[in-house]
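Taking it in order: structure first as structure tokens, then the write-up.
Side chains are part of it too, since the values below use all heavy atoms of this structure and drop only hydrogens, waters and symmetry mates.
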Amino acid sequence: ILECDGTNAASVILYDNNAAVASGTILAKLAFSAAAASNPSLPLTYGISFGDGIKALNGIFADVTGTNAAYIVYFS
């Protein structure tokens, strides 16, 4: 789940990586453009789910950008 502040662009990229660097296989990308973030008719939360799931072999690293951007990763 990616949340934006309603003004600024926001993005999160999830990597299959246990190190504190944005590298490895990309598992998912979520993004809001500044125009979409400031559009009052659009939601400020964006989420995706995978029916069969995705597999991270090394861990999960999240690279989030954007002023006041927040993300939540659910896993098991």
Hey, can you pull the donor-acceptor pairs under 3.5 Å for the side chains in residues 14-37, sequence neighbours left out?
{"residue": "Asp16", "atom": "OD1", "partner": "Leu57", "partner atom": "N", "Å": "3.1"}
{"residue": "Asp16", "atom": "OD1", "partner": "Asn58", "partner atom": "N", "Å": "2.7"}
{"residue": "Asp16", "atom": "OD1", "partner": "Gly59", "partner atom": "N", "Å": "3.4"}
{"residue": "Asp16", "atom": "OD2", "partner": "Leu57", "partner atom": "N", "Å": "3.0"}
{"residue": "Asn17", "atom": "OD1", "partner": "Ala19", "partner atom": "N", "Å": "2.8"}
{"residue": "Asn17", "atom": "ND2", "partner": "Ser23", "partner atom": "O", "Å": "2.9"}
{"residue": "Asn17", "atom": "ND2", "partner": "Ser23", "partner atom": "OG", "Å": "2.9"}
{"residue": "Ser33", "atom": "OG", "partner": "Ala36", "partner atom": "N", "Å": "3.1"}

Interatomic spacing from CD1 in Ile13 to OH in Tyr71 - rounded to 0.5 Å: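 Between atom CD1 of Ile13 and atom OH of Tyr71 there are 12.5 Å.
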ILVMFWY network linking Val64 to Tyr74, side-chain heavy atoms under 4.5 angstrom: no
Passing candidate, side chain to side chain contact (heavy atoms under 4.5 Å, CB included) with Thr45, options Leu2, Ile1, Ile72: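 Option passing the side chain to side chain contact (heavy atoms under 4.5 Å, CB included) with Thr45: Ile1.
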side-chain hydrogen bond (donor to acceptor under 3.5 Å, both in side chains) partner of Asn68, the single match among Asp5, Thr7, Asn8: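 For Asn68, the side-chain hydrogen bond (donor to acceptor under 3.5 Å, both in side chains) check succeeds only for Asp5.
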Minimum heavy-atom distance Leu44-Gly6, with the two atoms named: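 Closest approach of Leu44 to Gly6, heavy atoms only: CD2-CA, 3.6 Å.
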Flag if over 12 foreign heavy atoms under 6.0 Å of CZ, Phe50: yes
